[in-house]
2 protein chains.
Amino acid sequence: MSNRPPTLDEVAQRAGVSTGTASRVINNAQHVSKKARQAVERAVEELGYVPNVAGRSLASQRRGAVVLAISSDDPALFANLFFAEVITGVNAVIEETDLQLMLVLAASERGRDRLARILQSRSADGVMLLALRENDPLSKLADESGVPVVHGGRSLDRTPQWYVDADNRGGARQAVEHLIGVGRQRIATITGQLDLHVGVNRYLGYREALALAGLSDARVAHGDFGEASGAAGMTRLLDEHPDLDAVFVASDAMAAGALRVLHERGRAVPEDIAVVGFNDVVTAQHTQPRLTTVHQPIEALGREMTRMLVRLINGERPTPLILPTELVIRDSA
Amino acid sequence: MSNRPPTLDEVAQRAGVSTGTASRVINNAQHVSKKARQAVERAVEELGYVPNVAGRSLASQRRGAVVLAISSDDPALFANLFFAEVITGVNAVIEETDLQLMLVLAASERGRDRLARILQSRSADGVMLLALRENDPLSKLADESGVPVVHGGRSLDRTPQWYVDADNRGGARQAVEHLIGVGRQRIATITGQLDLHVGVNRYLGYREALALAGLSDARVAHGDFGEASGAAGMTRLLDEHPDLDAVFVASDAMAAGALRVLHERGRAVPEDIAVVGFNDVVTAQHTQPRLTTVHQPIEALGREMTRMLVRLINGERPTPLILPTELVIRDSA
DNA sequence: TACAGTCCTGTAAGCGCTTCCAATTTCGCC
DNA sequence: GGCGAAATTGGAAGCGCTTACAGGACTGTA
């Protein structure tokens, strides 16, 4: 439709200055006279000039873009608002900068290749890596690339240098302490995978709270965060520890499964058995009874990851961050 | 960490050919001897060469990136899986190309400015515009920019040249026909905003179905797609048309509100009054009773928008697309 | 053998910008 | 008024790549 967009040279010419000066103005560098600045600003205005990103990036060796990579295809990530919330948080910070946001779904092989290439060719100024698998080769690649990388969450195999994580351990402890606070004594747990950082830490939080209260932490079933495993775990717990009066479940999906089993077995929740979940997904509000659970600060995660990345890009050295979780008390405990 | 990534010149040198030839190889252009091709490919391999996007884009006048812009901050968009699904669809197609995906949340003023600048500076090869407001100035800007633009959904004020939309009218008609099919005769509707394309078209679908069946379409309450307005609408309908035996509600959120009112008023669903919603959001599975509703093909929307955009970028002239919706029958009708 | 046509290749001119350098101007102060 | 320092400027060299263009090597045919 319209013609080629105006170039810096044209702006400079119109303003009666050199390209160098024009460039200084639009990057508001110092050493520019008020007169020159105004002339250039006027020309920019009149011409509707917008800098060409490619030219700038080639000359400056900066890309003007960061990537948000989600490297898991765990349906659970997509089955709730995780996505929307992270992006909302990321976007809020991005908007304050003049960086662009690139999105890479690095779950598939192609997606992972893509991310690898971005890293290798340094075609982004920074990368946020979310939901990395354990022992993910991308992690090493990211390290070696020389591109600033912020991780969302941690893995067991190695703690990244810069990360933002939710306080899974603290959240779990808080949940269990709540159960203790309302008088429960025989508190079980259904864990997530114990080869995942979240799985381990929520379990540790459970044990910690019980240890502090001098209660037994021996009522344990292991699950995989999925609903079916929650049901199975609950069944096992009821069989092995018929006396239990509360259960801390390491995910809402498993908690939903557990509630189903409890209902089938005729155990009243929370009267007979109190239940607390983890994550605060949408469906937690729709279980019967409504699920008391630990809310994850997803949006804040996105926000803080981005802040950290921006700092890193600016040459600062931020410290890792662990974000507090919050217990949302509903009806199940 | 590592040094500057290798350049094309270095690859060419190592392969013993000129940069021109090396460039032809990595863009697999024609007129390259098998020998030269192999030599370059080997050098690329050995050096771990990845083309520099900025250089390429500057020289080729192509950006290698498209943007997905979501220009509404309607909480409903974020309150369900809309986001995740669209992006999944978009990503699936993007992965088959070598385009990058840039995300712009253009709800805020800053976001809109950003998008405007991208359009003006042609810093993307194409744009997907989702959830544009009525009379949105971005729409005109996009047209004039000379950048290929695909719209998701339509607006009343103007039909974009290239768009993908869900068949709101057909979906509504299908929903109402279902109600007729199960023997309902006095079918009401709660509409969405009638200054929105979706609002109008779902309403038209309702009227169409009734007209075809020779039934009255006079039982109408107007809402705004939100839950509260659904409750209000239902209340009004019950007062004005106590004889109604079914209601087609233009969104699941409003349907949830309507169900609540029906419950309070002691009307059994679906026995006394059948209810059909629209959108098939997650919560539709958790209402009491579970909501029969029209499912929107969100992922397909993302996919088809992207396909269309890619065609446009390749110089083809695709035709607009209207995607079929699907009635999901649960318990409320 | 000569000649037109094809293929292949190297050369070099930018794409639009930043930034270094050196030249020029201005300023503060004795 | 004169001096050094600081501020401001223009010029030009790239950043890494694509893409005419022109020339050289080959092919097939007469």
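In what follows, every chain begins at residue 1, and chains take the letters A, B, ... in the order their sequences are listed. Being a predicted model, the structure only gives us computed values, none of them experimental.
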For nucleotides 19-22 of chain D, tabulate all protein N/O to nucleotide N/O atom pairs closer than 3.5 Å, reporting atom names and distance.
from: D:dT19; atom 1: OP1; to: B:Arg62; atom 2: NH2; distance (Å): 3.1
from: D:dA20; atom 1: N6; to: B:Arg24; atom 2: NH2; distance (Å): 3.1

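With contacts defined as side-chain heavy-atom distances shorter than 4.5 Å, the pair A:Ile87/A:Leu68 qualifies. Looking at A:Met102 and B:Val67, their side chains never come closer than 4.5 Å, going by heavy atoms from C-beta outward. Side-chain contact between B:Asp143 and B:Val149 is absent, with no heavy-atom pair separated by less than 4.5 Å. Side-chain contact between A:Val86 and A:Met305: absent, with no pair of heavy atoms (C-beta onward) separated by less than 4.5 Å.
Side-chain contact, A:Ser155 with A:Asp157: a donor N or O sits under 3.5 Å from an acceptor N or O. Between the side chains of A:Gln120 and A:Ser145, not a single donor N or O lies within less than 3.5 Å of an accepting N or O.
The only member of A:Met308, A:Met128, A:Arg303 that meets side-chain contact (heavy atoms from CB on, under 4.5 Å) when paired with A:Val164 is A:Met308.
Overall bending of the helix from C:dT1-D:dA30 to C:dC30-D:dG1, expressed as the angle between end axes built from five pairs apiece, is 30° (10° steps).
Legend: residues meeting salt bridge (charged side-chain N to carboxylate O under 4.0 Å, His left out) with B:Asp125, ordered by chain and number and at least two apart, are absent.
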For residues 47-57 of chain A, tabulate all N or O donor-acceptor pairs below 3.5 Å that involve a side-chain atom, not counting sequence neighbours.
from: A:Asn52; atom 1: OD1; to: A:Ala54; atom 2: N; distance (Å): 2.8
from: A:Asn52; atom 1: OD1; to: A:Gly55; atom 2: N; distance (Å): 2.9
from: A:Arg56; atom 1: NH2; to: A:Asn27; atom 2: OD1; distance (Å): 3.2
from: A:Ser57; atom 1: OG; to: A:Arg62; atom 2: O; distance (Å): 3.4
from: A:Ser57; atom 1: OG; to: A:Arg63; atom 2: NH1; distance (Å): 2.6

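Of the residues in residues 33-47 of chain A, those lying under 4.0 Å from DNA chain D by heavy-atom distance are A:Ser33, A:Ala36.
The separation between A:His31 atom NE2 and D:dA5 atom P is 16 Å, rounded to whole Å.
Chain A approaches DNA chain C within less than 4.0 angstrom (heavy atoms of the protein), and the contacting nucleotides run 5' to 3' from C:dG16 to C:dC20.
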